[in-house]
Every structure is written in C-alpha cells, then in structure tokens.
2 protein chains.
Amino acid sequence: MVTINDVSRRAGVSRSTVSRVIADNGYVSEAKRKLIEAAIAELGYRPNTMARGLRSNRSNMIGGVVVDVASPFYAQMVGGMQKAARAAGKSVLIASGYADQAEESRAIIELIDRSCDGLLLYLENPIREDVADIIRTSRTPVVTIGGDEYPVARAAVRIDNFTGALEAMRLLLAQGHRHIAYLSGGLMYRDTRDRLRGIRAALQEKGLTIDDIYVEHGDFEERFGVAGTERLLASGFPVTAIFAGDDDVAAGALLALKSAGKRVPEDISLMGFDDNFHARHLTPSLTTVRQPVDEAGRVAAQLLIKILAGQVPEQAEITIEAPLIRRDSVGALVSPPGRKEFAG
Amino acid sequence: MVTINDVSRRAGVSRSTVSRVIADNGYVSEAKRKLIEAAIAELGYRPNTMARGLRSNRSNMIGGVVVDVASPFYAQMVGGMQKAARAAGKSVLIASGYADQAEESRAIIELIDRSCDGLLLYLENPIREDVADIIRTSRTPVVTIGGDEYPVARAAVRIDNFTGALEAMRLLLAQGHRHIAYLSGGLMYRDTRDRLRGIRAALQEKGLTIDDIYVEHGDFEERFGVAGTERLLASGFPVTAIFAGDDDVAAGALLALKSAGKRVPEDISLMGFDDNFHARHLTPSLTTVRQPVDEAGRVAAQLLIKILAGQVPEQAEITIEAPLIRRDSVGALVSPPGRKEFAG
DNA sequence: GTGAAAGCGCTAACAT
DNA sequence: ATGTTAGCGCTTTCAC
C-alpha cells in the first residue's frame, strides 16, 4: 500500500505539504505542488479514508435512513440523495428502518458510528430520546424528509401531501362524486394525517365533512386495496369513487373492482397517490398525485451538504409540490336513468 | 466522546482487555468481562469505527455496485444484500455504476478506498485492467452477480437467463407461434446473449433458427418497446407473438399494440422478462420470466460473508433459476379462417 | 511556504 | 489471563 510517506519521499517534501496538496488548503508553492501531483500520479497514491477520518473526524460520507431501500418508492429517494452527494464528492451510506422504531434507532446509531458527516432521515416513528441524545452529542447535522418536527433536525424537506390530497379530492367532487371511499393509510403516519386534512378541506368547500364519506384505515399494500374494496362493496355504501391510499392500494382496488364486474371509471372512479411506474400502465391508466420522491431526496441532500459546508440555508423548511396527474381512471358521475343519486 | 481509555479506567483494567471483550476474542476472565461490560453500558461507549478500521484494516462494511439503485430492479437486489449483511452484523455501502465503465471503475475504487471488506459487483462492462489491479493489490474479495467471468472474482452468482428464455420461447412455440419478434436488449450485455442462446435452443427444437424470427436490438426502456413495436407493425412481418427484452419494454409494446388496435393475446401474444411489480397489473396481465433479483443479492452477500470469514464456499458458482410465470398475455395461435398461416 | 512533532482511538504482538 | 508497547496513515498546530 502506498502511503503519504511514499509520496513525500518521492517528491522530496514533508508529509504536511503533501497533505496540504491533497486537502487543497494551506499555501503550497506551485513548484512543489507540481512535484507532488506528479509523485501521486506515478505511485497511484490514494489517501486512506480511515486514517483521514480518524484524524479529522470527517468521512465525506452522508448517512441516509429510509423505510426500505428495496421498495421502488424509497429507491428513487435514495437515487436522488446519491445524485446530489456524488456531485459534491460524497458517498451515501444507506440503512433501512423498516418503519420500526427499534430498527430506525439502530440505523441512526450505526450511521453515526460510521462517522457519517450528516444524516438524511426519512422515519416513520418519532426519534427515541436516547437516540436524539446521541445525535446531539455527536453534533451530527440532520435533515429530515417528510417527517414531523424532530427537535434534532437542522432542516426539513416535505412533500405537500395536504395540497396533493386537496386537489385530488376537489377533482372527485368536481366530477360530481359524493359517495366517495377513502382507503387510507394508518393514522400513525404524518402523510396520512396531512392527506386527511386535505380531504377534509376539499369536503368543506362543498359543505361536507369527513363523516359524509366512507373511510377505512389499512396499510400501503396492494392486498389492503383488494380486501378494503371487497369490504366496501359488501357494505352497501353506494360508492361512485374510490380514493386509494397509494398506487399499490389502487392497483389492488382495481383488481377487486374488476373481479366484481365494476367498470372503471364508468361505474366507479379510482384515484391513486404517488405516481409509481405502474400507474400509467394500469388499465385504465391511473389518475393520481405525483410524489416527487427523487427530488425530495436530492433537495434534502443538497441542504445537508450546504450545512456541512458551514453555510446556513436561507430556507430551513422546503416543501415540494405534489401535482395531480390526470389520466383515465377518474370520470364524471353520470346518473343512470332512474337511479336515485343521493340515496343510501 | 467516550473512548476505550475511559472504559478501561472505569473498569480498572487495561485497554487491551477492553478490546478483547469488544472483539470477543482472546481470553478474558468472567469477572473482568462483567466489569468491563458494566463500564461500557454505564458510559454508553461505542467503539470508533475509524480507529478500529485504521488499525485492523477491516470495516465490517460490504461494498455493492449495481447499475442504478434508483431502479426497482436493482433496489430489490440491494435489499437482498442488506438483509444478508445485517444478519451478519455488517453494513452495505452502495455505489451506482450507471452501466458506464468509467463510472463503474470509480464506484469500485471508491468502495475499496472506503475500506470495504469485500465487494459485490453487478457490472455491465468488463473490469478495467487498472481497476482489477487495485482490487488485487488491496486483496479485496469479490463476488460478482450476473457477470462475465471476471478474473478477480472469488465467486459468482448468476440468474439462469438461458433457461428462462428457453422456457419462454418454448411456450410461444408450443402455442403455435412461428412469426415471433424479439425486442432484444443490446448484445453488449451478457444477459442478452444468454437469452438469445435460450431462444436459439428453443427454435432449434422446432427445426428453426434465429433467422426465422424478427429481431431488433434496443435498450431496456419502455420507449424502445413502443418504437420497436411500431416499426415491427410497419415492417409487414406477420407477427403473432412479441417477446420483449424485459417487462418495461413489454409495457411499451402493449401501449403500441393497443394504439394500433391490436388485441393481446387474441391478435398478438406478448411475453416479458423480469416479473416486475407492474407485470401483474398490466391488462392483460403479463406472462413473463421471473428474475429473483433479491435472492441473487442475498445469496451473493452470503457467499461473500462466508469468504470474509475465511471459509471456502463449496460452490463458487451459484445459478439461480428464472421460472416462467404464466399469466394472460400469451395465447394459443388460432388460424383465422382463410389465413395462410405460414405465409410471409 | 514548509517541516517537525504530536496524537486521533484502536488493535495485536509480545512479554509476563 | 492481563498489561505494555508500538504503531496503523493521516491532519494539524506550531515553529521557523
């Protein structure tokens, strides 16, 4: 292994000078710099990150916690983080928190112990107090994505779930739907609560309340879409539009609707959330709300990088729009002849 | 920051003894172990990974290179790696190679420089000779996934693209299709070449050759599926079945077929490859070949972990089956009355 | 502008 | 079974 000593000998200078050239700080004469750079190239020297990190207490590594890298949603987010990090010459170390507080705590501590310079956190649970202490003690800057106001965060990036759900619900209402079912995610998620606020706001504009629609809480899984829709159809509620918790749930709902012989959107309209890859490929293509997750990851990483560089971001809270994507699964309500529209 | 010195003082022993307890090697009396563990707990001591890594030249970190973490396909693979790594108390540092040799080289070098104990490589290009040298010099064990025989690899995991494509093609042929189009990936990919071999083998069983079918090479993108299918339909080739390079290409092909007014599978059958999430949700649901990528990632990581533990895996080459998943997009060829089946 | 010296926190020979 | 010792490769005062 070639070390800084080899380079300094080869170039006929001290290690300190070589170090200055590598870190590109401090004064070095042009002549010596050339000499050193030549020696580095000839020897193929690459600094030892461990030694460097031990001494300087910096790793050039950013830590990221997401729910699960294996899921397309978070994978995109990680992709955004990586892009921004790489542009700044940093790497991203990813740990999955699996929406479990103990796992999330473990993930955070692991990243700190690996000397990550800063943390990007997408959590599903509040930060445990002992973990918050570790973050504070290590003075690791944290940027949260989509999270509640963690006391430890220096900045936060959010996707505007409220407005996204508001617009989605407005569309359903504008299309004449009044018997709407919301197959919601769990209330423990901030996203769910934000979306419910948006739904309520849209309902209020029409003089309605949340009690005027059908709401069931489940998880963000396709099978909940199937089961929830089956229960909904069995309930007797004269549903004309289903708002699914996300596109996976919508895919499940669509499956259940088809096997029940319901046409979408002629009999029942369907709204998703996320705009996954498959949203465009469902038949009919899914009207949904796009969550620009990769952008969220990128913006969060950029914020963190700024903070790491000692700058104070002019905006510590950034909200990213979640635009409504109109496709074919939502249609206008047409009263079939003889049907009593507002009965039931 | 609490160091090993603090622990040793608190427990009234030397640093070495503390170190032995942490690493769980060497002899330590039960009494002192208890004392030391108590001190560790009281002080909340967590070893400094940098110092540890510098000294021991091990990081407990596995490096993984995939084409792009942001894509669902590789995200699943990374998920598999993480699962296996975590079970062994290791972390995974991921770098994307973007199917570009320079990027792949950069990724590998970065992971080595970050002192990864071993590497999991899914590459799209041969390893550059200078990079192979770096791998050898650093003596970093490498396990490849889906790769050509890299000279540096200690073990390799592959998905059986040959048999997968063979079975897929057999199905199309068994259903009576003879005018088949293959919207292939590029020949620079090993996967593509393996699949073509499978296709040839299936054709040969029927006394046919690759020249009897329509082949176009493109990339694994939806838009290639659209454009390739449009060209195919315009070509006058009396196609009855399309075998798409992967499910994304199939999704594009389906779009193009629908806008051309073709019914699937009544007019034209469609076969995919990968079994992405959306394969089930296309209409009709896509008959395809499943690539168990998460399993590939997991198995590769397990192999590497074994090698890192000094064991020699009984099998240095593991092939994972790629089973045919029969759904609704492939149907039997029915000669329309008066149609000359084998003309054209 | 450059070099000498000290030491980051830990492990692993070696000695006892 | 435990302690002593000597660094791992690098950065960073501090002199000059």
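Just so you know, these numbers use all the heavy atoms, side chains as well, and skip hydrogens, waters and symmetry mates. Chain letters run A, B, ... following the sequence lines, proteins first and then strands; every chain starts at 1.
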Original post:
Judged by atom type as modelled, is there a donor-acceptor pair below 3.5 Å linking the side chain of A/Asn125 to the main-chain atoms of A/Ala99?
Top reply: yes

Original post:
Side chains of B/Ile159 and B/Val293: does their closest heavy-atom pair fall under 4.5 Å?
Top reply: yes

Original post:
Can we say A/Arg46 and B/Glu110 salt-bridge, meaning some charged N sits less than 4.0 Å from an Asp/Glu carboxylate O?
Top reply: no

Original post:
Checking B/Gln82 side chain against A/Ile94 main chain: does a donor-acceptor pair fall under 3.5 Å?
Top reply: yes

Original post:
Under a criterion of less than 4.0 angstrom to any heavy atom of chain A, what are the 5'-terminal and 3'-terminal contacting nucleotides of DNA chain C?
Top reply: C/dG1 to C/dG9

Original post:
Does the side chain of A/Thr17 come within less than 4.5 Å of A/Ser8's, by heavy atoms?
Top reply: no

Original post:
Which letter, B, S or -, goes with each nucleotide of nucleotides 9-16 of chain D from 5' to 3', with contact meaning a protein heavy atom under 4.0 Å?
Top reply: BBBBB---

Original post:
Do B/Asp117 and B/Arg58 pass the salt bridge (Lys or Arg N to Asp or Glu O under 4.0 Å) test, and can you show the C-alpha distance, the side-chain angles, and the key distance before you say yes or no?
Top reply: CA-CA 6 Å; B/Asp117 297 338; B/Arg58 268 174 290 103; over 6 Å; no

Original post:
For the side chain of B/Ser19 and the backbone of B/Arg15, is there at least one donor-acceptor N/O pair under 3.5 Å apart?
Top reply: no

Original post:
Can you list, by residue number, the residues of residues 30-42 of chain A that have a non-hydrogen atom closer than 4.0 angstrom to DNA chain C?
Top reply: A/Lys32

Original post:
Quick one: does A/Thr140's side chain have a donor or acceptor within less than 3.5 Å of a partner on A/Gly118's backbone?
Top reply: no

**OP:** Please report the C-alpha distance between B/Asp113 and A/Arg52 in whole Å, then the side-chain angles of each, then the deciding distance to 0.1 Å, and finally whether the salt bridge (Lys or Arg N to Asp or Glu O under 4.0 Å) criterion is met.
**Re:** CA-CA 11 Å; B/Asp113 285 350; A/Arg52 210 171 206 198; over 6 Å; no

Subject >> Validation row: A/Val157, A/Glu317 side chains within 4.5 angstrom (heavy atoms) >> reply: no

